[in-house]
Amino acid sequence: MAVIGLILLLPLAASVLAVLFPLKRFHHGMLVLIATAASFTLTWFARDTSLQTSWLQSGALNLPLFFHVEDVQLVRIITGISGLVQFYSLFYLSSSANHRSYFSLLGFFTFAMLGLATSTHLLVTFVFWELVGYTSYRLIGFDTTTSSTSAALKALLINKVGDVCFLIGILMLASTGLLSTSNLVPESAGTLPLLLIFVGVVAKSAQAPLFPWLTAAMAGPTPVSALLHSATMVAAGVLVLLRLVPLLHDTVSTVISFTGGVTLLLGGLLAIFSYDIKRILAYSTISQLGLMVLAIGAGAHASGYLHLQTHAIFKAGLFLCAGVFIHHGVISGHPNPNDIRHFSNPNGWLKWSWVILSGSLVGLPLTAGFLSKEAILHDVMTFSASLSLFVWVSIPLTALYVGRVSYFLVSKKTESSPLYALLLPALLLSLVSVTWFVAAVTTEAPTAWVSIAVSQTLVIGGLFAGFRLARISFAEKSWHTNLGLDGLYDKKMPQLATAWGRAGIAVDRQIIDRLVHAWAYITVLFAHLTSWFDRAIVDLTLVGGSSWVVRFTGQLVRVPMSGKVQGYLLWALFSLFLFLVLWLLL
Amino acid sequence: MPYLLSLLIFSPLAAVLLAGLLPSRKHQWFRMLALAVSIGQLLALIALFNSLSPNINLYYAEQVRWLNISLGTWGVLQANYLVAVDGLSLPLVALSVVVLLIAVISSWHEQKNVKGYFMLVLTLNGAIIGSFCALDMLLFYVFFEFMLIPMYFLIGIWGGARREYASVKFLLYTLFGSILILIVFIGLYLGVGVVQFGQILHSFSVLDWQDAHHHMAGSWLTSSETYGGFTLKAWAFLFLLVGFGIKLPTVPFHTWLPDAHVEASTPISVILAALLLKVGGYGLARVVLPVFSAETIQFSGLVGGLGVVSIVYGGFNALASKDLKRLIAYSSVSHMGFVLLGLASGTTEGIAGAVYQMVSHGIITSMLFLIAGVLYDRTHDRLIDNYSGLATVMPRYTALIMIAFFAGMGLPGFSGFIAEVLVLLGGFNPLSLVPVWLPALAASGLLLAAGYFAWTIQRMLYGPFVTKGFAGTLTDLTSRERFMLVSLAILTLWLGILPQGLLSLINPFAEGLSRLLSDHLVP
């Protein structure tokens, strides 16, 4: 088997082993971590880039499992971040938690995400898309408290809406023979299937208006938020969208870019109003995913893809930093450890990681975020000046909320808690972010100096405005969380669905069953009728009547048949006399 | 090896005779007898798989002449003992053997009239396998009726509180259906004639029925006279659709199912849902589509529409069900809708998907009813709202609920996904007989399934554990329960991850039927 097979299957094997065999608590994590690390290392040794086995064949359908590594860097990012998060979780997870299922799920997620990223056939992509969604559901609800499991349910159902649309879209494409993404004919697909697939993307990548599941998903453990709900899984929608780029045409592109643009600004705006670090980062993720979707819709695929990668690195890092803050808050006994106002700064290294990673988020120089953000800005401006307005507005907006949060986190006095194991992944990720910048700039220096100068000015201005904003405190209003859409998704829609269900049951009970009962009663009634007919007509009239006739004639006949010889002689003489009279008369 | 099918069909019936001679107080003997028969059938099944001839349509066949009576000018009455398996019946026979074995294990602690119980279960066993194997439709009908009567008693005697109501309702519905089926079968027998040695040979063999050359000129099968707007053939099609639709069941002939399931004991629910419903789908695929191909094309929208209505309606009703068993029963209605839709599409993928769905649903629904039974055995309470936080006290049970529910949702990796995707692909195929919006609507059934299953997980498994009076009774799975659930879980995973083995068995049948239908399409 090719090396790519090993890369895919090692995390799966570790996941299955971890869940099947009872090991010591720490060993489950080690097993999965070693497998993921091995996958990561093997990416340097993969000579073949494809793996194909036959899987499903019936009629017109011939569906092989075909995996193809188009960009080895993506595989490295997935396995790398997965590995770092697994390492971090070893120290982050409380000792009472169920390590066995947690690490098994993390390993399974790595496998599913790799499958999603390397599959070339849309139906196979859908298989992994669903598996990723399932893992996400299990991990959000990992704590099994009512709030986290209802968040998991919400994530599952909102995503399922997308999944169903996605599946219908795929099947519609399949009916026209378009299923393999390796040989797409440009503009050969209809608008409807593409839009349906895009609904799937909207749900998975938390675009407006289906984003509320992502903020709810923050109920999961923080490393899970880092891995699934910011760095990798939510990018799945964008990845699928990138595959379909050759098929996109004007109508679809417009819908895509406007959805992305609205999400970009909405996410940035909502991030300003929250005091919950994880929710702020979730809105930031929503916003940045919107930026990627906007870029793809506007035609800037390459820079959108670049931002997907850099975002994965810096957002995973930011979440892991947030995890350290929260962890520190939990240890020092804060009642609300997610609240940025209560944060204290446990370690100087953490501060610097945060600065670099959030610098990457706003797109400051020396960080990878600078590369992708400036590239998107440049490309979108070339393709569509009107759409670039979204990007221009988002630049100071992002800087505003980042400045506000960073003020709370960085301005505090630094303590010196030794949290090095937890700090290591975030440090590594910020290092990657910087080296990426250096490597890219030394090979190809940036040229669009004007837009860079303007955007950097906006960023600096935004950051300082954010520092000011942090000193103003305000009460959270209901629309600050998800624009109040939660009421719709949590109450109205389930109520509507169960109301329909109750109506169905009422139809069953009141209409169909009553007809069946009526049928039964009519049958019984008819049976009673026939039985009456049997007794009254057949038995009494016909049977009884005929027996009466027989008895009557019998009695009549019995009179002469008395057995007396004299009687017979009398009857004989009477008959003779009768015949004599007849003979005389005729 | 010869006579394997007869062995499969008649070993349980022989065991019934043997059981009749045994003293009724020896409970263990009857359990062991039923178990021995099921294990023997499993071995015979393995032998059967090793004696298949995969290059012809009938993988394995046995034929013995049964009745041959000359009727003078009416021709010759001929009925054969013709049993065979092909791509449709072999998967269902295999499913039956497995599910019946599970049902026997699940019945181990039945205490009420053990002798009668196992005699009925064994009769049911032979009748189910017989009806899947019989190609002579008189024989099929005999087996078909032989399924109903034991089931009536098994629900009516060993059932729950409202068992009489449920069993009578079951009997009313299914007898009504079987009368419709019998009428058409007799009509087909009279209308189909094979000319042999100058004599007209009437036949009950479905192989003769589906050959249009044998439809006698001047009979109702070739007449184009209409009654109430439909030809007699169309009426016959509709009669059979209702007859088999009741068994399947399809909305609006489904209300016997929730009652029968709720009242039946766990193993009987398993047999009912996993196997008896399949006879409906089997009948459609075996008789209705091949014999009435032109009518199938004419009514494909109706058939597919009934399937989609079942999917959506069943899904909504499941969502609003408060009783766990009722929820599972409605989920069955929803899942069996995919069988109708797949058959109605008339494409190879669709038909193969329908057969795959029958097998897959058989496995998954068995798991679901066993899961409901685990709780009912411990607490005698099936109301979902009376449970919460089970994950904290029954972790193994929780793991298996997760597997069964996600399999029911059609998560990839489980057999249901393969079946549902094949059916939907068949529906979307440009050659499909159903309009595209039908499979599109059907796909929304997946959302409903996610809704009712995940919501049930949320309500029963998570949150704080509330005792409600059954604190000590909620113990985790016994090894017997674990064995049953884990083996079924392995089966559904196997069929979900490596589908081609089963699919290759089904494909020739699906291709043949699809070709038969497309031959009747007006070019």
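Throughout, protein chains are lettered first and strands after them, A, B, ... in sequence-line order, and every chain is numbered starting at 1.
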* Please tell me if the side chains of B:Phe465 and B:Leu390 come closer than 4.5 Å, counting only heavy atoms from C-beta onward. => yes
* Asked: Do B:Thr174 and B:Tyr152 have side-chain atoms, one donor and one acceptor, less than 3.5 Å apart?
  -> no
* Asked: What part of B:Ala510 gets closer than 4.5 Å to chain A, counting heavy atoms only: side chain, backbone, both or neither?
  -> neither
* To do: Give the intermediate values and the outcome of side-chain hydrogen bond (donor to acceptor under 3.5 Å, both in side chains) for residues B:Tyr462 and A:Ser148.
  => CA-CA 10 Å; B:Tyr462 294 140; A:Ser148 68; over 6 Å; no
* **Part of A:Val507 within contact of chain B (heavy atom distance under 4.5 Å)** => both
* **Engaged part of A:Leu56 at the chain B interface, taking heavy atoms whose separation is under 4.5 Å** => both
* To do: Sort B:Leu422 into side chain, backbone, both or neither according to what part of it lies under 4.5 angstrom from a heavy atom of chain A.
  => side chain
* **Selection from B:Tyr173, B:Phe176, B:Phe406, B:Phe417 maximising heavy-atom pairs under 4.5 Å formed with chain A** => B:Phe406
* Which bit of B:Trp256 is near chain A, if near means a heavy-atom gap under 4.5 Å: side chain, backbone, both or neither? -> neither
* Just checking, is any N or O donor in the side chain of A:Thr149 or B:Gln458 under 3.5 Å from an acceptor N or O on the other one? -> yes
* Asked: By a 4.5 Å heavy-atom criterion (distance strictly below it), what part of B:Asn507 contacts chain A: side chain, backbone, both, or neither?
  -> side chain
* Contact class of A:Trp519 relative to chain B, heavy atoms under 4.5 angstrom -> side chain
* Determine the option with the most heavy-atom pairs under 4.5 angstrom with chain A, choosing from B:Ala454, B:Pro499, B:Gly463. => B:Pro499
* When only pairs under 4.5 Å are counted, which of A:Ser147, A:Ala520, A:Ser150, A:Gly133 shares the most heavy-atom pairs with chain B? -> A:Ser150
* So which of B:Leu424, B:Asn429, B:Val251 has the biggest tally of heavy-atom pairs under 4.5 Å with chain A? -> B:Leu424
* A:Glu130 (side chain) donor-acceptor with B:Leu411 (main chain) under 3.5 angstrom -> no
* To do: Give the member of A:Trp129, A:Trp500, A:Tyr134 that has the highest number of heavy-atom pairs under 4.5 Å with chain B.
  => A:Tyr134
* To do: With side chain to side chain contact (heavy atoms under 4.5 Å, CB included) as the test, would you mind laying out the steps for B:Tyr452 and B:Ser334 before giving the verdict?
  => CA-CA 12 Å; B:Tyr452 56 76; B:Ser334 186; 4.2 Å; yes
* Structure fact -> Whatever's closer than 4.5 Å to a heavy atom in chain A on B:Ser514 counts as neither
* Toward chain A, the part of B:Phe253 with a non-hydrogen atom under 4.5 Å -> neither
* Donor-acceptor pair, side chain of A:Trp213 and main chain of A:Lys204, under 3.5 angstrom -> no
* **Proximal component of A:Leu156, with respect to chain B [non-hydrogen, under 4.5 Å]** => side chain
* Asked: If you count heavy-atom pairs under 4.5 Å with chain B, which of A:Ser101, A:Cys165, A:Ser58, A:Gly59 comes out on top?
  -> A:Ser58
* To do: Check whether A:Ser54 gets within reach of chain B through its side chain, its backbone, both or neither, counting any heavy atom under 4.5 Å.
  => neither
* Report the relative orientation of the aromatic rings in A:Phe166 and A:Phe126; use parallel for angles under 30°, tilted for 30 to 60°, perpendicular for over 60°. => tilted
* Asked: Between B:Ser444 (side chain) and B:Ala440 (backbone), is there a donor-acceptor pair under 3.5 Å?
  -> no
* To do: Measure distances from B:Tyr165 to the heavy atoms of chain A and classify the residue's part below 4.5 Å as side chain, backbone, both or neither.
  => side chain
* Structure fact -> Counting heavy-atom pairs under 4.5 angstrom with chain A, the leader among B:Asn317, B:Asp259, B:Thr348 is B:Asn317
* Asked: Step by step, would you call A:Tyr137 with A:Asn159 a side chain to side chain contact (heavy atoms under 4.5 Å, CB included)?
  -> CA-CA 10 Å; A:Tyr137 165 79; A:Asn159 270 299; over 6 Å; no
* Contacting moiety of B:Leu446, where chain A heavy atoms sit under 4.5 Å -> both
* To do: Could you check which of A:Leu167, A:Leu153, A:Val516 has the highest count of heavy-atom pairs closer than 4.5 Å to chain B?
  => A:Leu153
* Asked: Any side-chain heavy-atom pair from B:Phe428 and B:Val436 closer than 4.5 angstrom?
  -> yes
* Toward chain A, the part of B:Gln500 with a non-hydrogen atom under 4.5 Å -> both
* Asked: Do A:Tyr102 and A:Phe142 have their ring centres less than 6.0 Å from each other?
  -> yes
* Contact class of B:Tyr330 relative to chain A, heavy atoms under 4.5 angstrom -> side chain
* Asked: Which answer fits A:Ile505, side chain, backbone, both or neither, if we ask what part of it has an atom under 4.5 Å from a heavy atom of chain B?
  -> both
* To do: Examine whether an atom of B:Ile418 lies under 4.5 Å from a heavy atom of chain A, and if so say whether it belongs to the side chain, the backbone or both; otherwise answer neither.
  => side chain
* Checking heavy atoms, do the side chain of B:Leu172, its backbone, both or neither come under 4.5 Å from chain A? -> side chain
* Structure fact -> Applying a strict 4.5 Å limit to non-hydrogen atoms, the region of B:Ala391 in contact with chain A is neither
* Asked: Atom NE2 in A:His517, atom CZ in A:Arg509: separation rounded to 0.5 Å?
  -> 10.0 Å
* Taking the six-membered ring for Trp, is the centroid-to-centroid distance between A:Phe128 and A:Phe111 below 6.0 Å? -> yes
* Going by atom types alone, do A:Thr125 and A:Ser119 pair a side-chain donor with an acceptor below 3.5 Å? -> yes
* To do: Give, as side chain, backbone, both or neither, the part of B:Ile506 having an atom under 4.5 angstrom from any heavy atom of chain A.
  => neither
* **Expected output: side-chain A:Asp143 to main-chain A:Thr145 donor-acceptor under 3.5 Å** => no
